[in-house]
Asker: 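Here it is, the structure in full.
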Protein chains: 2
Amino acid sequence: MLDKAIPVFWRYGLAGANVQQLEAATGVNKSGLYSEFENKDDMFVEALRRYLETGPALRILSSRPLGLGNIEQFLSLAPAFSGDYAGCLSVNSTRDIALLPDAAVRLISDFNETRMAAIRKNVEAEFPQDQVDDVCDLIWTFFSGICIDANLKADVGAHRNRVQAFMRLLRGSASSGRAEA
Amino acid sequence: MLDKAIPVFWRYGLAGANVQQLEAATGVNKSGLYSEFENKDDMFVEALRRYLETGPALRILSSRPLGLGNIEQFLSLAPAFSGDYAGCLSVNSTRDIALLPDAAVRLISDFNETRMAAIRKNVEAEFPQDQVDDVCDLIWTFFSGICIDANLKADVGAHRNRVQAFMRLLRGSASSGRAEA
DNA sequence: AGTATTCTGAACCGAATAGTTCAATACCCG
DNA sequence: CGGGTATTGAACTATTCGGTTCAGAATACT
């Protein structure tokens, strides 16, 4: 049920989605919706929570061996490209941050930290210590950019290309960085 | 007047902004608003148009000499970090694309093309031809990422750092690319 | 000063919104 | 089969929304 609600919030945001759409998408009518959730905000928070919990990001980033391979997987697979919805619900939601309930903001912030820590472990495996912060930041910024851009045009081929170009840049920097060190 | 409306749409999006907020922000009441604009969608489109027309992006990207210096300026200055609003209205709006009037989608798409062409001219000045497409794509993706992330935390210092780290990566790639060629 | 014009305030409208209630119905399980 | 439990449909409320109308006040022009 939450899984059915996720795409609605994904596409339209919290403010742009109405409960009729949620009824249609979930197949549950208003009575049912409001017996399970307190209000629309609550539905959003729970959908977002489920999205973050079931998403592949942390799994990908913690698979062994740690390293840039995981980063590439993360950038390739974590943003969705399924037509119905594209990019990432959490990234999309940071755009709506001004209208989000506190609980949702906290979810996003907390998961950002967790995800960043997971990214960091992979970066530490390949970069000298003094570059780790910057590289992590670049990866996250790049991920956000991919996710937003996917809303406008979700081209799977272009996405693959883009990730590979970024990884080339990163790998180049990693090897030259090690050489210098 | 449009200048006063821009921050409202910026923060709350088209769906999340209501006309009361637009009245308060512009200091013009509903009567005045609706005598000048057809409807809320129209206000949004005109605000977005003005934003794109008056923004610094194209000016920065076409200043001489062309090159990565312009790209750095663009990444540093084009995203706003003014507390009231952060990032970029156009990038924010791509997240709301599903609810935007056609005219707005066209504005965004067209300006994306124009901006990308301007980026390209700067990239061509420093990169071998076969890397230009990829580098342009990376720059745009990075820009989008910066803008979205600014919604959550708009830290000017972190922003500077981030841009510089990206530029190091890019400059490293440019010199090694030329060396190979 | 007098006239034309613009802008404002406030009332008003219909539609859509989130959210509630409850009788009827379907379903499940003993 | 029968009784308890979910689930539904639909009517209903209250509020907010975008948008309209228009008389009056402020403003500008001559």
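For clarity, every value in this text was computed on a predicted model and none was experimentally measured. Just so it is clear: chains get the letters A, B, ... in the order the sequence lines come, proteins before strands, and each one is counted from 1. As a basis for the values below, the full set of heavy atoms in this structure was taken, side chains included, without hydrogen atoms, waters or symmetry mates.
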Asker: To the nearest angstrom, how far is N29(B) atom CG from dA25(D) atom P?
Answerer: 16 Å
Asker: Could R120(B) and E113(B) be called an ion pair, given the rule that one side-chain N must be under 4.0 Å from one carboxylate O?
Answerer: no
Asker: In whole angstroms, how far is the C1' atom of dG18(D) from the CD atom of E23(B)?
Answerer: 11 Å
Asker: Any salt bridge between R95(A) and D96(B), counting N to O under 4.0 Å?
Answerer: yes
Asker: Quick one: are N122(B) and L61(B) in side-chain contact, heavy atoms under 4.5 Å?
Answerer: yes
Asker: For a ring-ring contact (aromatic ring centres under 6.0 Å, His included) with H159(A), tell me which candidate from F142(A), F166(A), F81(A) qualifies.
Answerer: F81(A)
Asker: Extract, from 5' to 3' on DNA chain C, the first and final nucleotides lying under 4.0 angstrom from some heavy atom of chain B.
Answerer: dT8(C) to dA10(C)
Asker: So does K40(B) reach the base of dG19(D) with its side chain, donor to acceptor, closer than 3.5 Å?
Answerer: no
Asker: Using every non-hydrogen atom in the two residues, find where A17(A) and V8(A) come nearest and quote the distance to one decimal.
Answerer: CB-CG1, 3.7 Å
Asker: Could you state the CG-P distance from D41(B) to dG19(D), rounded to the nearest angstrom?
Answerer: 7 Å
Asker: For a quick check of understanding: with a heavy-atom distance under 4.0 Å over all strands, which category does A15(A) fall into, base, sugar-phosphate or nothing?
Answerer: nothing
Asker: Is the closest basic N to carboxylate O distance between E46(B) and R50(B) below 4.0 Å?
Answerer: no
Asker: Give me the bend of the helix from dA1(C)-dT30(D) to dC27(C)-dG4(D), using the axes of the five pairs at each end, rounded to 10°.
Answerer: 20°
Asker: Is there, by distance only and without an angle test, a donor paired with an acceptor across the side chain of N39(B) and the base of dG19(D) below 3.5 Å?
Answerer: no
Asker: Here's a test of your reading of the structure: between Q20(A) and E38(A), which maps to the more 5' nucleotide of DNA chain C?
Answerer: Q20(A)
Asker: Restricting to non-hydrogen atoms, name the atom on F127(B) and the atom on L170(B) that form the minimum distance, rounded to 0.1 Å.
Answerer: CZ-O, 3.5 Å
Asker: From NZ of K30(B) over to P of dG18(D), roughly how many Å is that when rounded to an integer?
Answerer: 8 Å
Asker: Could you tell me if the side chain of Q164(B) sits less than 4.5 Å from the side chain of R160(B), heavy atoms only?
Answerer: yes
Asker: With a 4.5 Å limit on heavy-atom distance, are the side chains of N39(A) and M43(A) in contact?
Answerer: no
Asker: Between dC22(D), dG9(D), dG19(D), which one does the side chain of Y34(B) approach most closely?
Answerer: dG19(D)
